[in-house]
*Asks:* 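Below you will find the structure I want to go over with you.
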Amino acid sequence: MQAFIVLLPLFGAMLAMPIGRMAGARATELMTIAFLLIAATLSWINFLDVMQNHTKDVVPLFTWIVSGSLKAEWSVRIDTMSSVMMVVVTTVSALVHIYSVGYMHEDKSRPRFFAYLSLFTFAMLSLVTADNFLQLFFGWEGVGLASYLLIGFWHHKKSANDAAIKAFVVNRVGDFGFALGIMASFYVFQSIEFDPVLEAVRSNALVLPYGFDQPVPIQELHIGFGNWSVHALTLIGILLFIGAMGKSAQFFLHTWLPDAMEGPTPVSALIHAATMVTAGVFLVSRFSPIYEAAPNAAAMVTLIGAITAFFAATVALLQDDIKKVIAYSTCSQLGYMFFAAGVGAYGAAMFHLFTHAFFKALLFLGSGAVIHALHHEQDMKKMGGIRTILPATFLFMFIGTIAITGVGIPGLKLFGVPFGTAGFVSKDMILESAFAGIAEGRRFAGFAFVMGILAAIMTAFYSWRLIFLTFYRRSRAPEHVLKHPHHVDNWILYPLIPLAFGALFAGMMFFNQFVGKDAAAFWNGSIVVAGEGASHGAMPTHEGADDVTENKDVIAETISAATTAHETTNEVEAEAAHQPAAAPAHGAADGGGEHHFPLWVILAPFIAMSVGLLGAIAHYMRGDPLRPGLLREGGMIYAFLKNKWYFDELYRLIFLNPARWLGRVLWKMGDGKIIDRFGPDGISALSALGSRLMVRLQSGYIYHYAFAMLIGIVILLFMVGWGGL
């Protein structure tokens with residue numbers, strides 16, 4: 001069953017265009033939708049099985065690569081992490097496929113579009129079900145390829161081509177770090193399989209990297225670069241996180257994400273809600289044991305995530321393109337997820353990833369309905385008053401907005417879970433986890449908490465600004481748009497219903513499993529859960545380390561034995577998971593020990609949301625909504641935020657312009673005037689010159705030929721005479 005979840009989208013991608021040619025675009029649409037609906041149904045069945053029975057399994061499909069000690073199987077890894085991601089990816093992708101039937105109905109290249117969508121889904125499923133680094137990297141690069149194809153789908157637009165190339169190039173920067181992290185992992189552990197690597201980290205097993213004479217406990221291992229000595233796990237953690245920064249558009253590597261809006265709206269929803277940008281959060285959570293053993297790497301994750309949450313929220317305040325507001329919102333919400341992981345709340349990070357998929361897909365697809373109805377107008381300043389034209393779309397966008405801003409009642413519990421929208425439940429857990437991280441000594445936890453509160457204020461402001469500018473007051477749209485708005489097809493509206501349900505209730509429905517009293521049993525060792533460290537076993541003693549053979553095969557056996565021990569531990573944990581446990585406090589991050597927070601900490605997210613909402617009401621529901629606010633045009637701060645902190649201009653100055661100059665010099669001087677001049681062009685010119693000289697010898701006059709023959713005879717006689725002497 002699990003293999004079909006991964007392979008069905010691949011079949012859809014392979015068959016989409018041939019079926020489109022033979023039976024038409026509608027046949028392609030129905031076929032790919034059917035495959036995705038089956039995959040989504042199987043994903044939910046698998047998820048419920050894993051949630052109830054704590055299933056852990058690896059389904060091998062075939063041996064992929066064998067080269068010396070490097071062996072990579074293509075497998076489908078089934079555990080809680082992969083099951084959660086399969087549900088998110090297939091559910092959102094299936095709904096996006098259905099939505100695209102209505103949104104893309106006028107496009108002549110629909111078979112190609114649906115082929116790309118299914119390919120994107122397959123690549124992400126390959127990533128989240130990987131059982132080794134190499135398969136993970138395949139899915140990672142497959143997602144990058146599919147995003148390039150989809151962002152540049154309208155290839156007749158230069159802006160779409162530029163955005164696709166930008167996304168591809170920026171992600172190559174992050175992927176270079178990711179590739180180095182994989183190489184470093186193989187160098188240290190001599191394995192690319194997840195279980196041996198993670199279990200070695202958990203149990204502080206002895207490892208013998210290439211070139212080392214004696215085995216070393218992994219948590220104490222340092223590797224050298226020249227005169228530098230670097231903690232191995234810190235280096236691996238940072239390199240892997242650099243890859244996550246690129247895919248998840250974190251600070252410094254975020255510039256591709258807003259430009260990705262050049263693709264069709266269904267693409268934006270799929271990239272932002274379910275696939276590409278969530279891969280980085282999945283990566284950090286999957287390797288949570290490494291970050292727990294490398295606090296400096298975790299601190300970097302916390303710092304970058306907190307800065308991203310704040311930065312992206314400030315930029316979203318002044319964006320006028322409806323899709324770019326939501327794009328920067330995605331960037332900010334991913335920052336929340338990363339700093340949650342950085343302070344050790346991996347369950348909270350995954351919980352927010354799960355809930356975010358519902359309300360962010362809802363907002364993107366809802367904005368697509370608005371754009372479709374208004375003849376592809378995306379500027380919110382040219383909208384207004386359309387809630388009477390699109391009442392259903394307004395309702396869905398309203399639900400998505402109260403979810404992302406975190407509307408709920410702090411302190412109130414129903415059936416033991418917080419009462420509020422999905423964003424309220426999951427975001428509050430992240431902020432409380434950051435505050436708890438201060439007491440736990442997590443670096444930058446306090447900074448992350450403050451940045452998270454400030455970002456929550458701005459999230460509420462720009463989210464309600466979007467609603468008020470788009471749906472309220474008088475319309476600012478052109479007259480022809482108001483008189484003849486496009487009909488919003490049912491294919492567009494129906495997928496929004498399950499997303500709205502998830503945006504409202506997913507947080508309350510799955511609170512206990514992700515971060516509440518059932519978290520330890522639910523995650524079942526697939527991530528580090530707070531307060532569960534003892535279950536992985538105490539640190540082993542190494543008194544007999546000197547007696548350990550230097551043979552690398554024996555070290556591999558040590559890691560393998562640790563893996564077996566961990567599997568036994570998981571079985572014990574699974575049994576214990578069925579025993580009743582006391583319900584933790586609302587702030588019990590990841591189901592660990594209870595954290596009793598001050599009242600102001602519990603109320604802070606709600607107050608932040610209220611401040612942002614009231615600010616948006618005061619500005620956009622009173623008087624002219626387009627009047628200057630606190631930040632006026634022409635001001636320094638306004639220009640700074642409007643131009644996205646000048647990152648594009650800065651990168652153009654530092655990287656792009658010098659690269660273009662260097663490329664032109666190498667092209668004109670190195671290639672043109674040196675290589676070509678003395679290479680192929682020089683040789684061809686020399687040949688041409690020789691030909692012209694030879695041609696001149698052929699004058700056509702008999703006396704010239706006779707004279708040449710005479711000269712030849714004289715030279716011949718001279719040579720004969722000279723030889724006789």
Side-chain angles (χ1 to χ4, degrees), residues 67-72 131-134 136 177-243 283-284 286-301 344 441 443 525 527-528 532-569:
S67 178
S69 61
L70 174 65
K71 182 178 180 180
D131 189 46
N132 59 71
F133 282 103
L134 202 57
L136 177 69
F178 185 36
L180 290 178
I182 295 174
M183 296 174 194
S185 299
F186 183 68
Y187 167 75
V188 170
F189 298 100
Q190 303 169 39
S191 174
I192 58 172
E193 302 292 328
F194 290 164
D195 284 335
V197 169
L198 296 180
E199 190 52 43
V201 176
R202 287 189 183 102
S203 60
N204 199 19
L206 296 170
V207 294
L208 186 62
Y210 292 99
F212 277 61
D213 296 327
Q214 294 291 333
V216 182
I218 179 58
Q219 296 185 18
E220 301 170 17
L221 176 66
H222 284 68
I223 52 181
F225 292 94
N227 295 326
W228 292 357
S229 180
V230 184
H231 184 235
L233 290 180
T234 299
L235 177 65
I236 292 171
I238 289 175
L239 290 173
L240 293 177
F241 178 60
I242 290 173
L283 176 74
V284 173
R286 171 64 83 192
F287 300 113
S288 54
I290 293 178
Y291 290 96
E292 288 300 289
N296 289 335
M300 179 179 176
V301 176
R443 293 176 60 189
I527 63 171
V528 173
E532 196 192 22
S535 67
H536 298 302
M539 293 296 182
T541 59
H542 303 288
E543 296 175 357
D546 293 337
D547 299 327
V548 178
T549 177
E550 297 177 15
N551 189 302
K552 296 182 179 181
D553 293 336
V554 176
I555 301 303
E557 291 176 7
T558 302
I559 297 177
S560 177
T563 305
T564 304
H566 179 59
E567 291 172 355
T568 304
T569 301

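Just so it is clear, the structure is predicted and the values come from calculations on it, not from any experiment.
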*Asks:* Where is the tightest heavy-atom contact between Leu240 and Phe287, given as atom of each residue plus distance?
*Replies:*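 What the structure gives for the nearest pair is CD1-CD1, 4.1 Å.
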*Asks:* Identify the two heavy atoms, one from Tyr210 and one from Ser69, that lie closest to each other, and give their separation to 0.1 Å.
*Replies:*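 Closest approach of Tyr210 to Ser69, heavy atoms only: OH-OG, 3.0 Å.
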*Asks:* Determine whether Ile192 and Leu70 make a side-chain contact, defined as any pair of heavy atoms from C-beta on separated by less than 4.5 Å.
*Replies:*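 Side-chain contact under 4.5 Å: yes.
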*Asks:* Applying the side-chain contact (heavy atoms from CB on, under 4.5 Å) criterion to Ile290, which one of Val201, Thr234, Val284, Ile218 satisfies it?
*Replies:*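 Only match with Ile290 under side-chain contact (heavy atoms from CB on, under 4.5 Å): Val201.
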*Asks:* So Lys71 and Asn132, side-chain contact (heavy atoms from CB on, under 4.5 Å) or not? Walk me through it.
*Replies:* CA-CA 10 Å; Lys71 182 178 180 180; Asn132 59 71; over 6 Å; no
*Asks:* Do you know the tightest heavy-atom contact between Ala72 and Glu193?
*Replies:*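 Heavy-atom minimum between the residues: CA-OE2, 4.3 Å.
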*Asks:* So how far is it from Ile527 CD1 to Leu198 CG, rounded to the nearest 0.5 Å?
*Replies:*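 Between Ile527 CD1 and Leu198 CG, I get 12.5 Å after rounding to 0.5 Å.
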*Asks:* Compute the ring centroids of Phe189 and Phe133, then answer whether they are less than 6.0 Å apart.
*Replies:*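 So the answer is no for these two rings.
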*Asks:* Enter the distance from Asp131:CG to Asp195:CG here, rounded to the nearest 0.5 Å.
*Replies:*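 That separation rounds to 6.0 Å.
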*Asks:* So do the side chains of Asn296 and Arg443 get within less than 4.5 Å of each other, counting heavy atoms only?
*Replies:*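 Yes, side chains in contact.
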*Asks:* Would you check if Pro209 and Leu221 make a side-chain contact, meaning some heavy-atom pair closer than 4.5 Å?
*Replies:*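 Side chain of Pro209 against side chain of Leu221, heavy atoms only: contact under 4.5 Å found.
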*Asks:* Let me see the working for Leu206 and Val216 under side-chain contact (heavy atoms from CB on, under 4.5 Å), right down to the final yes or no.
*Replies:* CA-CA 5 Å; Leu206 296 170; Val216 182; 5.9 Å; no
*Asks:* Can you tell me if Ser288 uses its side chain to pair, donor with acceptor, with the backbone of Val528 under 3.5 Å?
*Replies:*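 Judged by distance alone, yes, a pair lies under 3.5 Å.
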*Asks:* Under 30°, 30 to 60°, or over 60°: which ring-plane class applies to Tyr187 and Phe212, parallel, tilted or perpendicular?
*Replies:*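 It falls in the perpendicular class, over 60°.
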*Asks:* List the atom of His222, the atom of Glu220, and the distance in Å for their closest heavy-atom pair.
*Replies:*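 For His222 versus Glu220, the nearest heavy atoms are ND1-O, 3.2 Å.
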*Asks:* If you define the side chain from C-beta out and look only at heavy atoms, does anything of Arg286 sit under 4.5 Å from Leu283?
*Replies:*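 With C-beta onward as the side chain, the pair stays apart.
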*Asks:* Look up atom CG in Leu239 and atom OG in Ser185, then write down how far apart they are to the nearest 0.5 Å.
*Replies:*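 The CG atom of Leu239 sits 8.5 Å away from the OG atom of Ser185.
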*Asks:* Suppose we call two aromatic rings close when their centres sit under 6.0 Å apart. Are Tyr291 and Phe241 close by that rule?
*Replies:*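 Ring centroids of Tyr291 and Phe241 are no less than 6.0 Å from each other.
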*Asks:* At what distance, to the nearest 0.5 angstrom, does CD1 of Ile238 lie from CG of Leu233?
*Replies:*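 Ile238 atom CD1 to Leu233 atom CG measures 11.0 Å (nearest 0.5 Å).
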*Asks:* Would the distance check show the side chain of Asn204 and the main-chain N or O of Gln219 forming a donor-acceptor pair, the cut-off being under 3.5 Å?
*Replies:*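 Between the backbone of Gln219 and the side chain of Asn204 there is a qualifying donor-acceptor contact (under 3.5 Å).
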